Amino acid sequence: MDRQVKYLLPESQMPQHWYNVVADLPSPPPPPLHPGTGQPVGPDDLAPLFPGALIAQEVSAERHIAIPAEVLDVYRLWRPTPLFRARRLERDLGTPARIYYKYEGGSPAGSHKPNTAVPQAYYNAAEGVTKLTTETGAGQWGSALAFASALFGLELEVWMVRASYDQKPYRKMLMETYGATVHPSPSDLTNAGRGVLAEDPASSGSLGIAISEAVEVAAGDPEARYALGSVLNHVLMHQTIIGEEAIKQLAEAGDTPDVIVGCTGGGSNFGGLTFPFLREKLAGRMNPVIRAVEPAACPSFTRGVYAYDFGDTAGFTPLLKMHTLGHEFIPDPIHAGGLRYHGMSPLLSHIYELGLIEAVAKPQSECFAAGLRFARTEGIVPAPEPTHAVAACIEEAIRCKETGEEKVILTALCGHGLLDLAAYGDYMSGELRDLRLTDKAIEDALAGCLPLSSDLPGCLPLLSDWPGYRALAVRVARPDSARAPMHALT
Ligand SMILES: Cc1ncc(COP(=O)(O)O)c(C=O)c1O
């Protein structure tokens with residue numbers, strides 16, 4: 001028994017509820033604001049973009065939300081996912097630490113993203129929506145939503161960040177195999193994309209730009225809605241099935257975590273793994289250190305500001321209070337495309353401000369080195385995003401070797417890298433650069449770009465003076481746009 005490597009739950013023990021961490025926090029996260037009024041957005045503002053069920057989940061304070069039977073049926077294709085004890089990696093490191101990883105790469109799309117793609121497609125289809133639009137960074141989210149859309153009979157149009165579109169042709173083919181249409185972003189199909197291309201025809205794109213394009217198209221089509229693969233409360237909540245399973249599996253292994261590390265792009269796999277453990281921590285039943293790992297090239301937690309900002313580049317979304325590098329920040333086209341987001345989940349940002357989690361940033365060469373080490377010991381090639389988590393795991397395990405501590409380290413190996421081998425190839429042939437992001441670059445990205453710096457709607461006069469907002473108002477030629485619902489701004 002002490003050589004056990006996989007901790008498997010039977011389907012009968014698959015969690016039946018998602019966990020909403022908002023119910024247990026000492027204070028709720030600040031609400032999203034309407035960019036025209038500075039007031040919290042209401043369901044009517046969001047209705048052009050999301051189905052009612054997801055809007056209700058976004059603002060819910062219920063502790064548990066039942067997973068619909070139709071979603072559980074699809075989850076059973078790959079869930080529960082295994083929890084592995086990384087015995088070979090431990091031996092290779094010579095660490096007394098015990099390392100566990102929850103592996104989400106066995107899903108049809110190869111990552112944790114179907115955990116939310118499936119319910120999002122389900123709720124849209126249930127409310128009569130026929131088409132979805134979305135953005136994708138690495139192509140993992142786009143593949144996941146393409147898979148889920150195929151199952152629920154939805155048409156899907158995907159804007160894929162140009163850098164990834166060029167680096168990962170097989171992700172595009174996978175999305176098309178599931179029946180989706182894929183455009184590189186920025187594209188000339190939208191105002192947002194054309195605006196970026198006019199300034200920089202060779203733009204490598206960003207998640208912020210791709211979101212603007214997908215939102216613009218959904219908002220202009222009454223039959224369509226928009227789906228987001230990270231950042232929002234309901235998305236993180238759908239991912240909590242990861243942590244709920246992991247709690248049961250670690251208990252079976254007879255361990256409780258001392259340190260939990262996870263990579264953060266918009267925060268969904270990290271929130272999904274850690275929120276159920278945070279509940280246990282808040283209840284005094286365990287006390288793990290919870291550490292987010294972000295790329296040094298896009299360090300929203302560690303070097304961004306905590307302020308209201310747009311979720312997208314064009315400024316079509318509500319204002320979200322989050323750690324941000326500014327919505328015009330375009331990160332270096334690092335290979336971990338899924339981590340190239342200028343902001344961070346508002347819920348996680350709030351939890352970070354409450355001091356309940358910590359964050360570190362890692363350069364990609366350290367992460368790929370960790371990915372190789374993991375592949376050569378555990379056998380699974382991690383996606384570039386979770387190599388950040390693996391690097392932080394290894395760092396902690398080496399610390400344990402120095403101090404002799406037998407810590408229990410848990411992480412999410414949230415996707416495989418079999419369609420990311422070109423990035424590994426670049427690393428192995430020495431072509432991969434670690435660009436240093438200067439303070440000046442961050443200051444420039446933030447300057448003149450943040451519409452609000454406090455959480456009070458009282459800054460409204462500032463807001464209507466904000467250049468991005470004026471540009472938007474001119475673009476849509478609506479003098480009353482300050483009072484129009486958000487979708488009218490597109
Ligand atoms: C495999 C993988 N991990 C992590 C991420 C980052 O997203 P999040 O922080 O929402 O988990 C992505 C995003 O595309 C991804 O594809």
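Counting starts at 1 for both ligands and their atoms, following the listed order. Everything numeric here is computed off the predicted structure, so don't read it as measured data.
- Under a 3.5 Å cut-off, the side chain of Q16 and the backbone N or O of M14 do form a donor-acceptor pair.
- K113 and Q239 share no side-chain donor-acceptor pair at under 3.5 Å.
- Here the OG1 atom belonging to T240 is positioned 9.0 Å from the CG atom belonging to N115, to the nearest 0.5 angstrom.
- A donor-acceptor contact closer than 3.5 angstrom is absent between the side chains of H112 and S107.
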Are any protein N/O atoms closer than 3.5 Å to the N/O atoms of ligand 1? If there are, list each pair with names and the distance to one decimal place.
| residue | atom | partner | partner atom | Å |
| --- | --- | --- | --- | --- |
| ligand 1 | 7 (O) | K113 | NZ | 3.3 |
| ligand 1 | 9 (O) | G265 | N | 2.7 |
| ligand 1 | 9 (O) | G266 | N | 3.1 |
| ligand 1 | 9 (O) | G267 | N | 2.8 |
| ligand 1 | 9 (O) | S268 | N | 3.4 |
| ligand 1 | 10 (O) | K113 | NZ | 3.2 |
| ligand 1 | 10 (O) | S230 | OG | 2.5 |
| ligand 1 | 10 (O) | S268 | N | 2.9 |
| ligand 1 | 10 (O) | S268 | OG | 2.7 |
| ligand 1 | 11 (O) | H112 | NE2 | 3.0 |
| ligand 1 | 11 (O) | S268 | OG | 3.2 |
| ligand 1 | 11 (O) | N269 | N | 2.9 |
| ligand 1 | 11 (O) | N269 | ND2 | 2.9 |

Query raised in the report: Are I209 and S203 close enough, and set up right, to give a side-chain contact (heavy atoms from CB on, under 4.5 Å), and what steps lead you there?
Result: CA-CA 10 Å; I209 296 168; S203 169; 4.3 Å; yes
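- Two residues are said to be in side-chain contact when any heavy atoms from C-beta on lie closer than 4.5 Å; S185 and V161 fail this criterion.
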